[in-house]
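Everything on this sheet refers to the single structure shown next.
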Protein chains: 2
Amino acid sequence: MEIKILLVEDEKKIAEALRKGLSEQHYAVDVAYDGMIGKKLFDSNTYDLAILDINLPLMNGYELCRYIRNHNEQMLVVMLTALNTTENKIEGFDAGADDYIVKPFDFQELLVRIRALLKRLHYPVTTGNVLKVGDLVMNLDSKEVTREGRAIPLTAKEFQLLEYFIRNKNKVVSRIDIALNVWDIDFDTKTNVIDVYVNFLRKKIEKDFSSKLIYTQVGMGYVLKENS
Amino acid sequence: MEIKILLVEDEKKIAEALRKGLSEQHYAVDVAYDGMIGKKLFDSNTYDLAILDINLPLMNGYELCRYIRNHNEQMLVVMLTALNTTENKIEGFDAGADDYIVKPFDFQELLVRIRALLKRLHYPVTTGNVLKVGDLVMNLDSKEVTREGRAIPLTAKEFQLLEYFIRNKNKVVSRIDIALNVWDIDFDTKTNVIDVYVNFLRKKIEKDFSSKLIYTQVGMGYVLKENS
DNA sequence: GATGGGTTTTAATGAATTTTTAATATGTTT
DNA sequence: AAACATATTAAAAATTCATTAAAACCCATC
């Protein structure tokens with residue numbers, strides 16, 4: 001996947017040096033020499049990241065940054081400027097910038113900062129504690145479960161049971177284990193809740209998917225595992 | 001819960017100043033004075049972000065950063081150091097850091113850089129003393145709440161409850177969590193104040209607006225989030 | 001110290017959802 | 001095939017939730 005960068009810088013020498021350096025890193029770079037052209041390019045293309053000088057003709061970097069941010073929350077913005085006061089930096093971040101680099105800077109530093117930002121952009125935004133088994137993802141904070149990226153709504157008990165299975169993946173858990181840990185009851189042979197709930201879970205997390213997850217070990221219990 | 005920060009800094013004066021400043025911004029801060037304690041705290045807690053000095057006793061900041069990154073790719077890491085060469089910065093980013101700030105630095109700059117990073121993880125954005133979730137804006141100083149720019153008057157308890165929801169955006173909070181953190185009571189099953197107040201809030205912040213904010217997870221609690 | 005307006009809490013209702021039971025069907029082991 | 005274990009289904013029971021109204025509380029003002 002090609003990463004597209006919009007570079008807006010009016011000092012042609014710097015612009016050209018950056019364009020060359022970034023191209024060598026296999027980024028696809030479009031260059032604008034003033035803010036209005038930068039805005040036009042932004043309007044008519046899809047970029048992953050923008051590098052903006054602040055002192056630009058026609059439309060300054062702060063304004064352009066704000067414009068970009070208002071139209072695209074995802075896109076990364078790096079401010080690149082000689083203005084080195086805390087006020088300037090705060091104004092830059094307030095305008096929605098993701099990083100602020102002061103000239104003169106080392107090109108290598110720009111590169112690693114860009115990489116650090118892109119890394120975050122490509123990580124899916126799963127805040128918090130997640131448990132994973134293959135393509136099954138359980139978010140313990142939002143209580144959301146997905147498989148192959150598709151959301152699977154679970155009730156409280158279903159969620160608890162699946163969590164117990166995941167935490168004991170590849171281990172056969174008996175009905176007594178499950179009763180004790182998920183239902184907080186001494187196993188009472190008269191009930192078959194556990195069987196029923198395993199059935200509920202299977203319908204939700206296996207039925208419309210290609211592979212099995214919960215296997216029955218007759219006489220022993222159940223085990224959740226990835227393959228065969 | 002709130003946003004949790006792990007601060008590892010051996011110069012006690014700096015550490016204390018940072019801890020104080022960050023706490024005032026409603027971040028929950030744990031402080032370690034050497035790398036090994038930092039590692040132990042990381043192992044036994046869940047943090048959203050780490051601020052690491054590089055020259056640390058027992059285990060330096062690069063090593064700790066690498067350790068954190070190997071065990072948690074989500075967590076944000078900010079390096080904070082007097083080492084101001086490009087080589088140092090590159091080493092920091094290579095170790096998995098998300099930002100690298102050179103001492104002496106302005107505390108305000110650290111704050112805006114932290115905010116810029118948290119924004120990417122879809123945490124509620126705090127600009128100064130303002131919390132934002134989508135078009136909902138809560139000013140902690142003036143105690144004013146607006147949605148789509150329209151003012152929404154809230155009572156003290158309603159405000160506290162909404163603040164708790166916003167600080168726990170995308171996280172399902174149980175009634176026990178809410179009781180403990182907003183009402184300061186051990187949850188007493190006989191009361192349904194929380195349900196009533198959720199109802200109050202919904203009437204004020206959702207009724208006349210296009211999208212829902214507070215969702216019920218039956219048997220688990222409530223969650224405030226932007227979409228579906 | 002009483003009064004009154006707003007805030008907070010309790011209590012009660014019905015509706016919605018989840019959990020459990022129970023009965024029947026299917027499968028497994030000896 | 002018999003005996004036992006598990007799967008499936010539907011309906012009953014239990015729980016949880018939304019909503020409303022009224023009671024209790026708080027606090028500023030008279």
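A, B, ... follow the sequence lines: proteins, then strands. Residue 1 opens every chain.
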Can you figure out which of [options] approaches the side chain of [X] most closely?
X	options	answer
Val193(B)	dT10(C), dC17(D), dT6(D)	dT10(C)
Asn199(B)	dT6(D), dT20(D), dT8(C)	dT20(D)
Lys157(B)	dT9(C), dT18(C), dT20(C)	dT9(C)
Val218(B)	dA11(C), dT9(C), dC17(D)	dC17(D)
Asn192(B)	dA12(C), dT6(D), dT20(C)	dA12(C)

Find the distance [X]:[atom1] to [N]:[atom2] and express it as a whole number of Å.
X	N	atom1	atom2	answer
Ile214(B)	dC17(D)	CD1	C1'	14 Å
Lys190(A)	dA13(D)	NZ	P	18 Å
Ile194(B)	dT16(D)	CD1	C1'	14 Å
Asp195(A)	dC4(D)	CG	C1'	13 Å
Phe200(A)	dT8(D)	CZ	P	12 Å
Ile178(A)	dT6(D)	CD1	P	11 Å
Gln217(B)	dC17(D)	CD	C1'	13 Å
Glu158(A)	dT19(C)	CD	P	7 Å

Quiz item: According to the interplanar angle, ranging from 0 to 90°, do the rings of His71(B) and Tyr67(B) count as parallel (below 30°), tilted (30 to 60°) or perpendicular (above 60°)?
Solution: tilted

Would you call [X] and [Y] a salt bridge, using N to O less than 4.0 angstrom?
X	Y	value
Lys13(B)	Glu11(B)	no
Arg113(B)	Asp98(A)	no
Asp30(B)	Arg19(B)	no

Does a side-chain N or O of [X] approach OP1 or OP2 of [N] to a distance below 4.0 Å, or not?
X	N	value
Thr191(B)	dT10(C)	yes
Arg175(A)	dT6(D)	yes
Thr216(B)	dA18(D)	yes
Tyr197(A)	dT21(C)	no

Quiz item: Checking all strands, does Val198(A) fall into the base, sugar-phosphate, or nothing category for heavy-atom contacts under 4.0 angstrom?
Solution: nothing

Practice problem: For Phe159(A), answer base if it contacts any base atom (sugar-phosphate contacts may also be present), sugar-phosphate if it contacts only those atoms, and nothing otherwise; contact means non-hydrogen atoms under 4.0 Å. | Solution: nothing

Quiz item: Should the heavy atoms of other residues, nucleotides or ligands under 6.0 Å from NZ of Lys40(B) be counted, would the total exceed 12?
Solution: no

Quiz item: With a cut-off of 6.0 Å (strictly less than), are more than 12 heavy atoms of other residues, nucleotides or ligands near NZ of Lys20(B)?
Solution: no

Self-check item: Members of residues 201-213 of chain A that approach DNA chain D, where some heavy atom sits under 4.0 Å away
Solution: Arg202(A), Lys203(A)

Quiz item: Would you find a donor on one side and an acceptor on the other, under 3.5 Å apart, between the side chain of Arg66(A) and the backbone of Asp94(A)?
Solution: no

Quiz prompt | Derivation and outcome, ring pair (Phe, Tyr, Trp, His ring centres under 6.0 Å), residues Trp183(A) and Tyr197(A) | solution = CA-CA 11 Å; Trp183(A) 269 264; Tyr197(A) 264 83; 5.6 Å; yes

Quiz prompt | Terminal axis angle for the helix from dG1(C)-dC30(D) to dT30(C)-dA1(D), five pairs an end, nearest 10 degrees | solution = 40°

Exercise. Any pair with a residue in residues 201-217 of chain A that passes salt bridge (Lys or Arg N to Asp or Glu O under 4.0 Å), sequence neighbours left out, goes on the list, sorted by first then second residue, please.
Key: Glu158(A)-Lys204(A)

Quiz item: Just one of Asp99(B), Leu76(B), Leu22(B) clears the side chain to side chain contact (heavy atoms under 4.5 Å, CB included) bar with Ile114(B), so which one?
Solution: Leu22(B)

Quiz item: Taking Val133(B) as the fixed residue, which of Arg147(B), Lys169(B), Lys225(B), Met138(B) is the one that meets the side chain to side chain contact (heavy atoms under 4.5 Å, CB included) rule?
Solution: Lys169(B)

Practice problem: Nearest-nucleotide wise, let me know which of Trp183(A) and Thr155(B) is further upstream toward the 5' end of DNA chain C. | Solution: Thr155(B)

Quiz item: If you find the nucleotide of DNA chain D closest to Gly221(B) and the one closest to Val196(B), which residue's nucleotide is nearer the 5' end?
Solution: Gly221(B)

